[in-house]
Amino acid sequence: MTSVGATVKEPGSSVKNKTGSWRTFKPILDKEKCIDCVNCILFCPEGCINKDYDIDYDYCKGCGICAEECPVEAIKMERE
Amino acid sequence: MDIPEKEFLAPGHRACAGCGATIGVRLALKMLGENTVAVSATGCLEVITTPYPETSWKIPWIHVAFENAGAVASGVERALKAQGKDDVTVVAFAGDGGTADIGLQSLSGAMERGHNLIYICYDNEAYMNTGVQRSGATPYGASTTTSPHGKESFGENKPKKNIPMIMAAHGVPYVATASISYPEDFMKKVQKAKEIEGPAYIHLHQPCTTGWGYDPSKTIELGRLAVETGSWLLYEIEEGEFKITYRPLERKPVNVYLEAQKRFKHLADKEKEKIQNYVDQVCAELKI
């Protein structure tokens, strides 16, 4: 295959760059309190909260949107 | 609303913590699905998602110059058509600079020619990638590095260019405004844009923590305040029919939106009043 310009052939390869190291505050989710509203999943800029509400700390930058948008305050931001 | 689980934008991208653009793109791609080709103009999105030799995109994606996202998306659509691949969705993502200023002519051409594509403008209201310079979509009063506030100036002195209405004037089948803070509304509009034959334009309002000056955790809150104060309107124009898709129960004063951001901190009461009057006038016309 001839490449024209700069071609990246591996889809989603930015996963090599673990942005979790940027974080100062870490979101901790209390699954007992969680009401499955999907707010945190939808609003995460990294897309690093899965359908079971597990947060992937390899990529979480600690922006705190999930904690801010949680309607039942199930997510607390804790200093690393 | 059934929201697809699959993600087409991988993490590891270099967006600022609390970036609104990546939220918008994630949500749009969920609805568009894997059978999609994306085109991006130069801008934040291009820089943060594709630091060579990496990419965050899990679908075919092309970066083009600032001014020709509309032209390249048109070409991709025609090439796919020539190959008989009618089931592939073509989407262009460009920022407000790449849409309202630099890319306006190629976008206008694409809309005029009637290509079957979706153009999504992620509007953070300035050139954020290069250091917050004003664009045609910067709102009145906002301080940017090229419309700074000071003794001689109160910030941006021109109103925000109304791009969705310029697109509507092309007579395209679908034009909509949206906000990342109202994901269901936005995703429904993306779904509609996908189903409609012909050009569709979605103008997505998207707060920017770096350029607007607020805490990264408040990105969604700021987008909500813009809509709740009437500073940003959610509507769609389908086959020429205008419809407001969300009405705030009680419109909040614009002050709560302005005062939450550093870019409006310098505004004197008389400027804020001017902004409120303008918002009141627009909302009165639309009964919001």
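Proteins come first, then strands; the chains are lettered A, B, ... in the order of their sequence lines, and each starts at number 1. Remember, predicted model here, so these are calculated numbers, not experimental data.
- When heavy atoms are compared at a cutoff of 4.5 Å, B:L27 approaches chain A solely by way of its side chain, counted from C-beta outward.
- Most heavy-atom pairs under 4.5 Å with chain A: of the set B:G18, B:P11, B:A17, B:P216, this distinction falls to B:P11.
- Taking the six-membered ring for Trp and thresholds of 30 and 60 degrees, B:Y127 and B:F66 have ring planes more than 60 degrees apart, a perpendicular arrangement.
- At a 4.5 Å heavy-atom cutoff, A:K18 makes no contact with chain B through either its backbone or its side chain.
- For CD of A:E80, the number of neighbouring non-hydrogen atoms (other residues, nucleotides, ligands) closer than 6.0 Å is greater than 12.
- Proximity to chain A is limited to the backbone of B:S181, based on heavy atoms less than 4.5 angstrom apart.
- Heavy-atom pairs under 4.5 Å with chain B peak, among A:V15, A:V8, A:N17, at A:N17.
- Both the backbone and the side chain of A:F43 come within less than 4.5 Å of a heavy atom in chain B.
- For the options B:E5, B:K218, B:R14, heavy-atom pairs under 4.5 Å to chain A are most numerous at B:R14.
- Listed options B:T55, B:L9, B:T22 were ranked by heavy-atom pairs under 4.5 angstrom with chain A; first place goes to B:T55.
- At least one side-chain heavy atom of B:T245 sits under 4.5 Å from a side-chain heavy atom of B:K189.
- When all heavy atoms of B:A69 and B:Y119 are compared, the closest pair comes out as CB-CE1, 4.2 Å.
- No option in A:D52, A:D54, A:D36 other than A:D54 meets the salt bridge (Lys or Arg N to Asp or Glu O under 4.0 Å) test with A:K31.
- Within 6.0 Å of the CD atom in B:Q191, the count of heavy atoms belonging to other residues, nucleotides or ligands exceeds 12.
- When each of B:K58, B:H13, B:E7 is checked for heavy-atom pairs under 4.5 Å with chain A, B:H13 comes out on top.
- The contact between B:I180 and chain A is made entirely by backbone atoms, counting heavy-atom distances below 4.5 Å.
- Under the 4.5 Å side-chain criterion, counting only non-hydrogen atoms from C-beta, B:I118 is in contact with B:K194.
- Within the 4.5 angstrom heavy-atom criterion, atoms from both the backbone and the side chain of A:C44 approach chain B.
- Between chain B and the residues A:E46, A:K16, A:R23, A:E10, the largest count of heavy-atom pairs under 4.5 Å involves A:E46.
- Heavy-atom pairs under 4.5 Å with chain B were tallied for A:C63, A:G64, A:S14, A:A67; the largest tally goes to A:S14.
- B:S179 is listed as a side-chain neighbour of B:L234, based on a closest heavy-atom distance under 4.5 Å.
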